[in-house]
Amino acid sequence: MDEWIVAGDAGFLAKAQHRIESFIEKAGILVLASHSSDICRQWCNKAVWMERGEVKMHGDIATVLDSYNSQVAK
């Protein structure tokens with residue numbers, strides 16, 4: 001999903017953002033799989049960090065991403 005969100009011109013990006021907001025309003029839940037921390041921080045309030053099919057951590061988006069990023073940086 002992140003590939004089509006970050007591709008395109010400003011008009012396309014505005015349409016994509018509006019479409020995602022519409023999905024969230026109708027569904028109440030958005031499940032997003034992405035390698036982009038920026039996109040995850042923008043659209044998510046919870047995260048699940050999975051590694052080799054196992055849940056390594058879950059919780060607040062900032063806490064999980066900060067832990068993931070500090071682990072990957074080693």
Side-chain angles (χ1 to χ4, degrees):
M1 180 171 171
D2 50 340
E3 285 83 10
W4 65 263
I5 291 175
V6 296
D9 60 19
F12 176 82
L13 294 175
K15 281 185 192 179
Q17 184 168 348
H18 177 72
R19 180 111 188 219
I20 292 171
E21 289 170 355
S22 175
F23 287 148
I24 294 169
E25 287 174 11
K26 290 177 185 172
I29 296 173
L30 171 68
V31 177
L32 175 68
S34 176
H35 291 102
S36 170
S37 293
D38 292 338
I39 289 173
C40 291
R41 287 180 195 274
Q42 179 180 0
W43 293 105
C44 304
N45 56 13
K46 302 283 183 208
V48 177
W49 171 8
M50 296 189 71
E51 193 169 292
R52 296 186 176 130
E54 301 288 329
V55 174
K56 188 152 184 177
M57 185 178 190
H58 64 88
D60 174 74
I61 187 74
T63 303
V64 174
L65 284 177
D66 291 347
S67 294
Y68 173 80
N69 289 330
S70 68
Q71 188 72 28
V72 172
K74 290 182 179 180

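Given the structure is predicted, the values throughout are model-derived calculations rather than measurements.
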For E51, I'd like to know if atom CD has over 12 heavy atoms of other residues, nucleotides or ligands within 6.0 Å.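 Yes.
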
Take atom NZ in K56; do more than 12 heavy atoms of anything else shown fall under 6.0 Å from it?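 More than 12 within 6.0 Å, yes.
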
In terms of hydrophobic clustering (I, L, V, M, F, W, Y; side-chain heavy atoms under 4.5 Å; direct or indirect links), are V72 and W49 co-clustered?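 Same cluster: V72 reaches W49 through Ile, Leu, Val, Met, Phe, Trp or Tyr contacts under 4.5 Å.
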
Minimum heavy-atom separation for C44 to L32, with atom names?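 Looks like SG-CD2, 3.7 Å.
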
Could you list all the side-chain hydrogen bond (donor to acceptor under 3.5 Å, both in side chains) pairs where at least one residue sits in residues 20-32, not counting sequence neighbours?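 For residues 20-32, and leaving out neighbouring residues, the side-chain hydrogen bond (donor to acceptor under 3.5 Å, both in side chains) pairs sorted by first residue read Q17-E21.
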
Would you be so kind as to tabulate the donor-acceptor pairs closer than 3.5 Å made by side chains of residues 57-69, with sequence neighbours excluded?
| unit_1 | atom_1 | unit_2 | atom_2 | d |
| --- | --- | --- | --- | --- |
| D60 | OD2 | A62 | N | 3.1 |
| D60 | OD2 | T63 | N | 3.3 |
| D60 | OD2 | T63 | OG1 | 3.4 |
| D66 | OD1 | R41 | NH2 | 3.0 |
| S67 | OG | T63 | O | 3.1 |
| N69 | ND2 | L65 | O | 3.2 |

